[in-house]
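Contents: one structure, followed by commentary.
As a basis for the values below, the full set of heavy atoms in this structure was taken, side chains included, without hydrogen atoms, waters or symmetry mates. Counting from 1, the numbers follow the sequence of the chain as shown. Both counts, for ligands and for their atoms, begin at 1 and track the order of listing.
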Amino acid sequence: MFASTSISAAANVSLLLSVMISLLIYHSVFVGVAFTQFQLFSPHIDRQPSTTLKLSSAPNDELTESKSWRRHALEQLWEERAKMGRTPVFPFKYTGNPRVTLLFKNETATSTGSLKHRYAWALMTWALLEGHVKQGTHVYEASSGNTAASLAFMCRLIGVPFTAIVPDTLEDVKKEHIEHYGGQIVKVPIAERLVKARELADKSNGFFMNQFGNAFLAEEFHESGNYEKQSANMFHEIVTQLNESRLAIPDYFVHAAGTGGTITSIGRYIKKYNLDTQVVFADTQFSVYYDYVLHNRFANQSGSHLWVEPGMAGIGFGPMGPAKKGQTTSLDPAVIDRVLKIPDCASTAAMKVLLENGVSGGTSSGVNLVAALHIGANLSSPRPVTIATILGDPSSYYQTSYLNRDWIAQRFARHGGLEAYYCWISVLREALDNGKDPLQLGRRCPTGNV
Ligand SMILES: Cc1ncc(COP(=O)(O)O)c(C=O)c1O
Ligand SMILES: *[C@@H]1O[C@H](CO)[C@@H](O)[C@H](O)[C@H]1NC(C)=O
Ligand SMILES: *[C@@H]1O[C@H](CO)[C@@H](O)[C@H](O)[C@H]1NC(C)=O
Ligand SMILES: *[C@@H]1O[C@H](CO)[C@@H](O)[C@H](O)[C@H]1NC(C)=O
Ligand SMILES: *[C@@H]1O[C@H](CO)[C@@H](O)[C@H](O)[C@H]1NC(C)=O
């Protein structure tokens, strides 16, 4: 149409002429005819049938179908987001230090029982948007159990198959949890999870979700006000909930990291909105993250030789090779203000002490408690502060492991065994009662030969 109506005007107007030239180049490329400058001015062109220049086309049925599948899948996810509501925040009794209000965000209250529920929601939403997951795509994920259970739930929700690649030490109860949501399970040595997941996904033309590298891309860090499609960012919820209870935002946010996705999404939110909250990252004893965050180490070099079993399930970065942001880790040092190292034996004891205080929490909850008590004991100003942290998963997952005497005696033998464990329990009880720093008090506990 262009060619037939405007050729004479175009001959006199250079702007239009250049449009014509580009159209003709486009034309020649696509129909495979080589036009010359001379031919450009030949009347021949006038009579080129306009139909050969296809500027629009009828809808492609296949594309329409996959788009409508995706719309449906996203609708399911938004319905789920509405059901998720906000997980509760509760204060933890810390009588020894009345200056400190210690708050836990209870992520065990999600329908799949851990902080990975909102996280899997974000991963799946992202994977749909980016076109990684389509109708029938088989999703694979490397996990220590919680992400797998939550992703199995999301996959079932939108109707795609799911396989979890988990460490061969996985607790049976976590395995059953994944299977309960229809996930299949492949067990491998802990260090091989990523490689295996990628291999299985490639082989079946499926998608390896890779929470380690992709949480960084998938997790949102937006404030959403009261908009019904609420931000799934955990700190958005905390701020909103505290505000509704007429409480100020926390002075500190304390959390451990596995992929680093959760603390990074929270840190990004805090930094983006310029909130006056210190982001404290509590690392496990033999994890490389401490040095990764502070000194930019282990991005090119593996720290697997430094790892000492059993570690804290689901957290720390140990035997999986180098920590490369966006590939093997989602931890962004740029949003962390402070890093701590917590002994594994202390964190294990903290799980027991949480239970004694009526709180059912898992490995990261133990780390978080010790770290929060350290921060609370070590404040430089006398004003009251609020420390917020996460109850990431329930103690019930660890009855046969981190809460089992025999298991601890055996697996923590090198760390000082039960003697060290009971010592840390008494340290933590004392720290709760007198507000002192558990990491200082714990100097009296045996360290074993690690
Ligand atoms: C109970 C628990 N807490 C914390 C984490 C670590 O969270 P993230 O991977 O977001 O760093 C995990 C990861 O699996 C977990 O299972
Ligand atoms: C956390 O939430 C779970 C699930 O709703 C609940 O059973 C548990 O009592 C809560 N924990 C605390 C300490 O409030
Ligand atoms: C809660 O939010 C409102 C509206 O943004 C603000 O005016 C108020 O100061 C906030 N309250 C607290 C305790 O931060
Ligand atoms: C890692 O290696 C890349 C290229 O090999 C280099 O550009 C980068 O500086 C290295 N990073 C560290 C932390 O050594
Ligand atoms: C905080 O702890 C460090 C070591 O754990 C100590 O050197 C420092 O003096 C403490 N600061 C305060 C204010 O207690």
Side-chain angles (χ1 to χ4, degrees), residues 85 87-93 102-120 122-123 141-151 164 166-167 170-171 174 177 190 193 210-216 218-219 223 225-226 234 238-250 255-267 273 275-276 281-284 287 289 311-317 323 328-332 336 347 351 354-355 357-369 386 389-398 402:
T87 54
V89 173
F90 67 87
F92 184 76
K93 201 165 127 226
L102 177 51
L103 301 176
F104 275 91
K105 177 82 163 152
N106 188 354
E107 290 288 285
T108 72
T110 63
S111 58
T112 55
S114 83
L115 80 173
K116 296 297 187 168
H117 194 76
R118 69 177 74 245
Y119 182 109
L123 281 169
E141 181 61 306
S143 169
S144 54
N146 284 332
T147 303
S150 302
L151 257 187
V166 298
L170 189 79
E171 290 87 353
K174 283 190 175 175
H177 199 201
I190 191 165
R193 286 175 300 170
N210 191 10
Q211 57 165 335
F212 289 90
N214 293 330
F216 186 69
E219 290 199 287
E223 196 274 339
N226 286 326
M234 204 194 300
I238 291 176
V239 167
T240 310
Q241 285 168 300
L242 294 185
N243 185 290
E244 282 171 6
S245 309
R246 298 179 186 282
L247 294 169
I249 62 160
H255 188 46
T259 64
T262 302
I263 195 167
T264 297
S265 71
I266 286 168
Y273 294 109
L275 304 182
D276 201 4
F281 165 47
D283 199 16
T284 67
S287 162
Y289 273 154
M312 301 305 290
I315 48 178
F317 197 93
T328 60
T329 182
S330 285
L331 181 58
D332 185 358
I336 308 293
S347 304
M351 292 167 67
L354 280 170
L355 266 184
N357 286 274
V359 176
S360 161
T363 46
S364 57
S365 308
V367 174
N368 291 348
L369 177 67
T386 300
T389 187
I390 302 177
L391 194 70
D393 67 350
S395 63
S396 54
Y397 294 173
Y398 307 97
Y402 295 84

**Report entry** Test ring-ring contact (aromatic ring centres under 6.0 Å, His included) applied to H177 - qualifying residues, sequence neighbours left out
**Finding:**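 H177 satisfies ring-ring contact (aromatic ring centres under 6.0 Å, His included) with Y181, Y397 only.
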When you measure from the side chain of [X] to the backbone N and O of [Y], does any donor-acceptor pair fall under 3.5 Å?
X    : Y    : result
N146 : G314 : no
Y273 : E223 : yes
Q211 : G213 : no
N243 : V239 : no

Requested in this report: Could you tell me which atoms of ligand 2, counted from 1 in the order shown, lie closer than 4.0 angstrom to a heavy atom of A109?
Outcome: 2 (O), 4 (C), 5 (O)
Query raised in the report: Under 4.0 Å from any heavy atom of T108, which atoms of ligand 2 are there?
Result: 1 (C), 2 (O), 3 (C)
Query - Test log, rule side chain to side chain contact (heavy atoms under 4.5 Å, CB included), inputs E171 and Y402 - result: CA-CA 10 Å; E171 290 87 353; Y402 295 84; 4.3 Å; yes
Query - Check ion pair R118-E107 (N to O, under 4.0 angstrom) - result: yes
Requested in this report: Would you name the heavy atoms of M312 and V367 that are closest together and state the gap between them?
Outcome: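 Minimum heavy-atom separation between M312 and V367: CG-CG2, 4.3 Å.
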Requested in this report: Could I get the full list of side chain to side chain donor-acceptor pair (under 3.5 Å) partners for T264, not counting sequence neighbours?
Outcome: none
Ligand 3 polar-atom proximity to protein (N/O, under 3.5 Å):
from, atom 1, to, atom 2, distance (Å)
ligand 3, 2 (O), N243, OD1, 3.2
ligand 3, 2 (O), N243, ND2, 2.3
ligand 3, 11 (N), N243, ND2, 3.0

Query - Pocket residues of ligand 1, ordered first by chain and then by residue number (heavy-atom cut-off under 4.0 Å) - result: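 Within 4.0 Å of ligand 1, the protein residues are L115, K116, Y119, S144, N146, A257, G258, T259, G260, G261, T262, G314, I315, S364, D393.
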**Report entry** Parallel, tilted or perpendicular: rings of F90 and F104 (30°, 60°)
**Finding:**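 Plane angle under 30°, so parallel.
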